[in-house]
Amino acid sequence: MKSKFTKTLLMSSVIAMGAFGLTACGGEDTPHGPEEGGDAEIILDETATSVTAGAIVKFVANISLAVDNPSIGQDADFAIDALDFAIVNASNKKINVQPTFTPAILPSDKVSLNSMMVTVNLTDPGFANQCGDFKLAVTVNAHLDSKKKTATQYIPFNRNSEIYCPAVGSSTSGPATSTEIEMVTYTAAMSTADKMGLDLATGTVSASTTADIVLTKTSGGVILSSGNGTLFSTITNDTDSNYDDDYDVTMWPEEENGRNAYVSDFRFKNITKTQLPIVESGSPAIEIFVALTPNGDAKTGTGFYAFAAVAAAEGLNRDFDVTLKVYKKK
C-alpha cells in the first residue's frame with residue numbers, strides 16, 4: 001500500500017511521541033527504551049486516552065506514521081500490518097485480560113482505536129481481584145519500504161478498589177455484600193393536551209396537574225415541572241474522577257454495563273430544580289434527569305427516579321406528545 005507523506009515534521013510531534021511513552025517493542029511483558037536511529041517513527045495521537053463508563057473502559061487514539069527524513073520519497077511504501085493488544089499492570093506485566101475490539105482493515109496507513117471500539121470490561125475475571133492502575137498496551141507492527149517498524153504505546157486506566165475489590169483491607173474475612181440498589185424501567189406516553197400528569201411510582205398517566213411530573217407546552221417546546229413538590233436535576237456523573245462520562249439517551253447504563261441500572265448510576269450534585277426543559281425547538285433533550293418526590297431518599301432509592309425523553313412530536317395547537325423512559329427502584 002502506497003502512502004504519500006509530507007517531508008516536514010513539527011518538533012512538537014516528536015516531543016509528544018516521547019511524552020506519551022512510545023517505545024520499541026522488545027518483549028511481551030517488559031518493553032525496552034525508545035527506538036533510536038530510525039528515519040521514521042510511528043506516532044499515536046497526542047490525545048490518546050481512556051474513558052470509563054460504568055464497567056466499560058473505552059480507548060481513543062489514532063495511529064499513523066510521521067516522516068522527518070528528507071531522503072524519503074513522496075511515494076514511500078508505508079502501512080500498518082498488524083496490531084496487538086494486551087492489558088498490563090503498573091509494572092508492565094501482562095495479566096490474563098483480553099480487550100475486545102472490531103478488527104481493523106489492514107494493511108492501512110492510519111488506524112483509529114475509537115473506530116475499532118477497543119474496550120475492556122472491568123468485571124473481567126482475569127483481573128483476579130486486582131485493582132488500581134492498569135494500562136492498555138498497543139503494539140504496532142508496520143513497514144516503511146523494506147524496513148520493519150515496531151512500537152508499543154501504553155494508555156492508562158484505573159480499576160476502582162472500592163467497587164471491584166471491596167474486601168481488600170477489610171477486617172472481615174467473609175465475602176463482600178453488594179449494597180447496590182437495582183432499578184427497572186417503564187415508558188410513559190404523555191401529552192401536553194390531555195395526559196400531562198405522571199405518577200412516578202405507578203407509571204400512571206393522567207390529566208392531573210398535581211402529579212409528580214406535569215408537562216406544560218411552550219413555544220416550540222415543553223417544560224417539565226411538578227404539581228406536588230417533586231424536585232429535579234440533570235445527572236452529573238463527572239463529579240467522580242473515576243466516572244468520566246455522563247449517561248444520556250445515546251448511552252443507557254444498562255446497555256453499557258450489561259446489567260440492570262443501579263441508583264448509583266445516576267449521580268447528581270443536588271436535586272433542587274422545580275422545572276426543566278424536556279423538549280426544546282421541537283426536539284427532546286438528550287440528558288437523563290433525576291426526580292426526588294417529597295419525603296424521598298436518594299440513598300435508599302425510595303421516591304428517587306431517573307428519566308429521559310425518548311420521543312417528542314408536535315401536534316395541533318402547539319401541543320406535544322412526549323414519551324418518557326423512567327427508572328424506578330426495583
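Bear in mind that the values here come from a model prediction, so they are computed numbers and not experimental data.
In plain terms, the two heavy atoms of A189 and K195 that are nearest each other are O-CD, 4.1 Å. The minimum heavy-atom distance between G301 and V263, with the atom names listed, is CA-CG2, 4.1 Å. Looking at every heavy atom in both residues, N160 comes nearest to C131 through O-SG, 3.8 Å. Contact between V249 and A285 at its shortest, heavy atoms only, is CG1-O, 4.2 Å. When all heavy atoms are compared, the tightest approach of I181 to K299 is CD1-O, 3.3 Å. Scanning all heavy atoms of the two residues, the minimum distance from F268 to A298 falls at CZ-CB, 3.7 Å.
Residues N92 and K135 meet the side-chain proximity criterion, which asks for heavy atoms closer than 4.5 Å. No side-chain heavy atom of Y327 sits under 4.5 Å from any side-chain heavy atom of Y262. Side-chain contact check for M117 versus F101: every heavy-atom pair is 4.5 Å or farther apart. Two residues are said to be in side-chain contact when any heavy atoms from C-beta on lie closer than 4.5 Å; V138 and V140 meet this criterion. A heavy-atom distance below 4.5 Å is not found between the side chains of I235 and R267. With a 4.5 Å cut-off on side-chain heavy atoms, L106 and D81 do not count as touching. Residues N96 and I87 have side chains not in contact (no heavy-atom distance under 4.5 Å, counting atoms from C-beta outward).
Using modelled atom types and a 3.5 Å distance limit, the side chains of N141 and K148 yield no donor-acceptor pair. A donor and an acceptor atom, one from each side chain of D297 and T302, are nowhere located under 3.5 Å apart. When only modelled atom types and interatomic distance are considered, T204 and T202 share a side-chain donor-acceptor pair under 3.5 Å. Side chain to side chain, N228 and T230 meet the donor-acceptor criterion of an N or O pair below 3.5 Å. Under 3.5 Å, the side chains of T152 and T139 contain a donor-acceptor pair of N or O atoms.
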S206 vs S208, test: side-chain hydrogen bond (donor to acceptor under 3.5 Å, both in side chains). Steps then yes/no.
CA-CA 5 Å; S206 68; S208 173; 4.5 Å; no

Which is it for F266 and F304 under the ring pair (Phe, Tyr, Trp, His ring centres under 6.0 Å) test, yes or no, and what are the steps along the way?
CA-CA 10 Å; F266 305 104; F304 176 82; 7.2 Å; no

I'd like to know whether F157 forms a ring pair (Phe, Tyr, Trp, His ring centres under 6.0 Å) with F59, so could you lay out the CA-CA distance, the side-chain angles of the two residues, the decisive distance to 0.1 Å, and finally the verdict.
CA-CA 9 Å; F157 65 95; F59 298 93; 5.7 Å; yes

Walk me through it: do L136 and V118 pass the test side-chain contact (heavy atoms from CB on, under 4.5 Å)?
CA-CA 10 Å; L136 173 73; V118 182; 4.0 Å; yes

Steps toward side-chain contact (heavy atoms from CB on, under 4.5 Å) verdict (S264, E180):
CA-CA 7 Å; S264 61; E180 293 286 3; 2.7 Å; yes

Run N114 and S112 through side-chain hydrogen bond (donor to acceptor under 3.5 Å, both in side chains) and show every step you take.
CA-CA 5 Å; N114 193 37; S112 166; 5.2 Å; no

Chi angles and distances behind the ring pair (Phe, Tyr, Trp, His ring centres under 6.0 Å) call for F127, Y164:
CA-CA 10 Å; F127 281 106; Y164 301 105; 8.0 Å; no

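The side-chain contact (heavy atoms from CB on, under 4.5 Å) test with L231 is passed by exactly one of N270, I271, V290: I271.
No chain of hydrophobic side-chain contacts below 4.5 Å, direct or via other Ile, Leu, Val, Met, Phe, Trp or Tyr residues, connects I56 to I95. Under a hydrophobic-cluster definition in which Ile, Leu, Val, Met, Phe, Trp and Tyr are linked whenever side-chain heavy atoms come within less than 4.5 Å, directly or via other members, M116 and V97 are assigned to the same cluster. Under the 4.5 Å side-chain heavy-atom criterion for ILVMFWY residues, a single connected hydrophobic cluster contains both I288 and I286.
Here the straight-line distance linking atom CG of D133 with atom CG of N89 works out to 10.0 Å at 0.5 Å rounding. To the nearest 0.5 Å, atom CD of residue E287 and atom OG of residue S233 are 11.0 Å apart. T100 OG1 to N121 CG: the interatomic distance, rounded to the nearest 0.5 Å, is 8.0 Å. Note that OG1 of T323 and CG of D321 are 7.5 Å apart. Values are rounded to the nearest 0.5 Å. In this structure, L113 CG and I63 CD1 are separated by 4.5 Å, a value rounded to the nearest 0.5 Å. Rounding to the nearest 0.5 Å gives a distance of 11.5 Å between OG1 of T123 and CD1 of I163.
With hydrogens and angles disregarded, a donor-acceptor distance shorter than 3.5 Å links the side chain of S50 to the backbone of P156. Side-chain atoms of R159 never come within 3.5 Å of backbone atoms of G132 as a donor-acceptor pair (strictly under, hydrogens ignored). Between the side chain of S108 and the main chain of V111, no donor-acceptor pair closer than 3.5 Å is present. In this structure, the side chain of N317 does not engage the main chain of D319 through any donor-acceptor pair within 3.5 Å. The closest donor-acceptor contact from the side chain of K328 to the backbone of G203 lies at 3.5 Å or more, if one exists at all.
Within a 6.0 Å radius of NZ in K329, other residues, nucleotides and ligands contribute more than 12 heavy atoms.
Other residues sharing the hydrophobic cluster of V279, ordered by chain and number and joined by side-chain separations under 4.5 Å: Y186, M190, M196, L198, L200, V205, I213, V214, L215, V222, L224, F232, L276, I278, F289, Y305, F307, F320, V322, L324, V326.
Ion pair K325/E254 flagged as a salt bridge, since at least one NZ, NE, NH1 or NH2 atom sits closer than 4.0 Å to an Asp/Glu carboxylate oxygen.
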